[in-house]
Engineer: 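Shown below is the structure under consideration.
Read the numbers this way: they start at 1 and go in the same order the structure lists the ligands and their atoms. Quick note: residue numbers are just sequence positions, from 1.
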Amino acid sequence: MRHRWMLAAVVLTACRGVQSALDPAGRDAGEISTLFIWMSAGFGLIWLAVMAIAIFGPRATEMRAERAERILILGGGVAFPIVVLTALLLFGFNSLARVTERSGEPGLTIHVRGAQWWWDIDYVRPGHEPVTVANELHLPVGRRVDVKVTSSDVIHSFWVPPIAGKMDMIPGRVNELSLEPTRTGVFRGTCAEFCGESHARMSLLVVVEEPDAFERWLAHQATGARPASGALAQRGEQAFFTNGCNTCHTIRGTRALGTVAPDLTHVGSRRTIAAGTLRADAEGLRQWITGTELIKPGAHMPAFSKLPEDELSSIVAWLAQLK
Ligand code: CUA
């Protein structure tokens, strides 16, 4: 008995949490989870009815064979599927119309580009320079925001289960979806299309905030990096350039203008680095720089495992400062 309860607890905990489509925190995810519950309940009832007929049907047909058979075939084989499937079709059409609705709001569009194995995110507003961040998507609660997704290498799939459905990210094509979070919190999205050996290490942190907190965050992300403070961080900034990190990474406000790797302008303000793989603190940065290939097999960034300790700790000190 205890085992059964434990099993039930394990199964049910899978329905909650930061990456569960059955614990919706967005309008579209709510639609999808309602549809799922109705379909599961409907098909569960149908299964029970079929089982009941399979068990008790033969006894009934012996009695009044011909009439019972006609009822079974016309009722169970024609009328019942027509009614059930039509109801589900209409219900599905209704959900589909709401899930595919665009906000059409000209104020803010978020462009997300998938790459092996990280997310490049641009906040685009008319009259403003685009604001580039990486691997951490911030959204205002209660607002519907249009998102345009694409890819720069292979096919990825953008999926934040608690907020909305999936959308393929295809090279050379822009697909659209809209996100409308309904409660604040930190959620987890993931790439939902196998895209190479580190596909499982391509997570996306989604931070849903009150609109004014979101605006403050966006305004801060739009600013350049703060100047290095302290001798260690200043040496770190120099070492960043002498080791060529700037050929791949951008740090706005400095000479680092590379575009093939995540923007690091405010990397220290993020919760994670390497697309949800490590914490964005000194320890995480150190692990990532020295052990890239171990942490994310196939990653395009080479591991700087031979970096002298003083250079490594200075670079880490500088990046951690970039809040
Ligand atoms: Cu990107 Cu899987």
Engineer: Just to confirm my numbers, could you give the angle made at atom 2 (Cu) of ligand 1 by SG of C195 and O of E193, rounded to 10°?
Structural biologist: 110°
Engineer: Does a donor on one side chain sit under 3.5 Å from an acceptor on the other, for R27 and T182?
Structural biologist: no
Engineer: Would the distance check show the side chain of T150 and the main-chain N or O of I170 forming a donor-acceptor pair, the cut-off being under 3.5 Å?
Structural biologist: yes
Engineer: Classify the ring geometry between W318 and F241 as parallel (under 30°), tilted (30 to 60°) or perpendicular (over 60°).
Structural biologist: tilted
Engineer: Relative to atom 1 (Cu) of ligand 1, which of the N, O or S atoms in H156 is the closest?
Structural biologist: ND1
Engineer: Set out, in order, the CA-CA distance, both residues' side-chain angles and the distance that settles side chain to side chain contact (heavy atoms under 4.5 Å, CB included) for W118 and R113, then state yes or no.
Structural biologist: CA-CA 9 Å; W118 61 284; R113 177 172 60 86; 3.8 Å; yes
Engineer: If you consider just the N/O/S atoms, which atom of H199 is the closest one to atom 2 (Cu) of ligand 1?
Structural biologist: ND1
Engineer: Using 2.8 Å as a strict upper limit, say whether an N, O or S atom of M202 approaches atom 1 (Cu) of ligand 1 that closely.
Structural biologist: yes
